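What you see is a predicted model; the values in this text were computed from it and never measured. So you know, we letter chains A, B, ... as the sequences are listed, proteins then strands, and number each from 1.
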Amino acid sequence: MSDTIVNLENVGVAFNAQLRMGSPRFWALEDVSLKLVRGMRLGVIGRNGAGKSTLLRTIAGIITPDRGRVMRAPVSCQLLSLTLGFVPHLSGRDNAILSGLMLGLRRREIVRRLPAILEFSELGDFFTQPISSYSTGMLMRLGFSVAMQVEPDVLLIDEVLAVGDADFQEKSGAALRERIHSGTTVVFVSHGDKQIQDVCDSALWIEHGRSVMQGGVDDVLRAYHAAPVAKSA
Amino acid sequence: MRLHYLELILFSTYAELRAERARSYLGLLWWIIEPAMNMATYYFVFAVVLKTAQHDYVPFLLVGLTFWQWFKSCISHGGHAIWGQLPLIRQVKLPSQVFPSVQILADTVKFIFILLLLFVILWCTGYPPNITYLALLPVLLLELVFAAGAAYVVGAVMPLVPDLRFVIEQILQVMMFLSGVVFSLDSVPESMRRWFALNPIVDLVDAGRGILMHARWPDWSALGRVALISLALYAFGAWLIQHLTPRYVKLPT
């Protein structure tokens, strides 16, 4: 049991539909159970609105469930967030430090990794320029390079496996795959069967906020596709 | 608070000030010009137009406004901080207290510049530095704790009731007049003065004026009362933010 690092039991999460007092709540997650074991690479499949992103944020500890139980070993769970907390008028370098701090790194750790960030992002002299002068591609390169410096125990990925223009996509994809296969525990949310088959060693299927099945990737994918397409919520 | 969050607050403060400088043509100069214009407005209305006959009115007004504007900006900026950072709060697990703290710290840095300018003005107009300046540090620290506590409470509630942002400026405006910032509370009827005395800003501004204008040591028992109120408010504000944080991520976008 000591290897279970996150365990959700019948977890439900409700959001406020409106700001008004007494407004109805809607349950983004109704009843989800999952068990995450150290080193597991878990793929989460489900249709739009099934609650996949909410599930990731619950695992990350950002959302506290309204019912059910969450057990989390003392490990760091981090959502792979690009350009988190970026401020337009600051230089790429300062934004890298700021974003790194928000992602849980200590300042001296980020400063030590600045050369690596600069190199991976290929920003050159732009690194010390305000990011308001960056193109979208440059911004993504910087965001990705910073995010890759964070090494959480559990890495949570929402769809994104590669970013930027064609060349950088290949590079960022390779870097992320390397990270995923380096023994990190991963939870990966995706629409694509192929990506889940590539990346994951087990899968969880959720439907309308309920976990339907957790098991081997092929078994879960087969059951998922055999099921009649439910009406979207 | 853990050391890591302290680093985050400090660097975010630097980022905030840096970005603010970059956002306008005159940059840092606005830190001085904006409060100076504000002071000039009140000077014009109360000293020139209404001809307030009070002795020493100009330094009285300048000290009052310097102390008040710091408090006010902490609350209006700190009060909006969590609400303004909701997208970030939805994405990453951080104590929400970080966000108002950054604003309060940034406003404190700006306040220090204005305070130094105030010193120069006072020294040049016949109010030299004196031994009671030693008491300035505890007075300012108390004001910081009080402002932070108030900003935390407003900041904690704002995401749940964003309507608050329409009334907060009005409340602050009323509070300014009730705090003896622009005119002396001596003219307030005796029966009401007891209630006015509960307002910590009255004691803080009073202590500031005593030190800077009359070389008078503060009324320590009054400051003791302010300390109690401030610490209680600070603790309540910090608790409230922590208590309400789980609800912020569940608000409609």
Given a strict heavy-atom distance threshold of 4.5 Å, which part of [X] is in contact with chain A: side chain, backbone, both, or neither?
| X | value |
| --- | --- |
| B/Ile89 | backbone |
| B/Arg90 | both |
| B/Tyr14 | side chain |

Could you tell me whether [X] atom [atom1] has more than 12 heavy atoms of other residues or ligands within 6.0 Å of it?
| X | atom1 | result |
| --- | --- | --- |
| B/Phe119 | CZ | yes |
| A/Arg67 | CZ | yes |
| A/Phe126 | CZ | no |
| B/Phe113 | CZ | no |
| B/Gln242 | CD | no |

Give the minimum heavy-atom separation between [X] and [Y], together with the two atoms involved.
| X | Y | result |
| --- | --- | --- |
| A/Asp94 | B/Phe11 | O-CE2, 3.3 Å |
| B/Ala22 | A/His89 | CB-CB, 3.7 Å |
| A/Leu90 | B/Ala15 | CD1-CB, 3.3 Å |
| A/Ala14 | B/Lys250 | O-CD, 3.2 Å |
| B/Val92 | A/Ile62 | N-CD1, 3.6 Å |
| B/Gln91 | A/Leu79 | O-CD2, 3.8 Å |

Bottom line for A/Leu98: the part with an atom under 4.5 Å from chain B's heavy atoms is both
Applying a strict 4.5 Å limit to non-hydrogen atoms, the region of A/Leu105 in contact with chain B is backbone
Stepwise, does the side-chain contact (heavy atoms from CB on, under 4.5 Å) test hold for A/Val87 with B/Glu16? CA-CA 8 Å; A/Val87 181; B/Glu16 173 73 28; over 6 Å; no
First locate atom NZ of B/Lys93, then atom CD1 of A/Ile63, and finally report the distance between them rounded to the nearest 0.5 Å. 12.0 Å
Measuring from atom CG of A/Leu101 to atom OH of B/Tyr5, what distance do you get when rounded to the nearest 0.5 angstrom? 11.5 Å
Quick one, B/Leu8 with A/Arg107, criterion side-chain contact (heavy atoms from CB on, under 4.5 Å). Give me CA distance, side-chain angles, the key distance, then yes/no. CA-CA 8 Å; B/Leu8 175 59; A/Arg107 178 149 180 198; over 6 Å; no
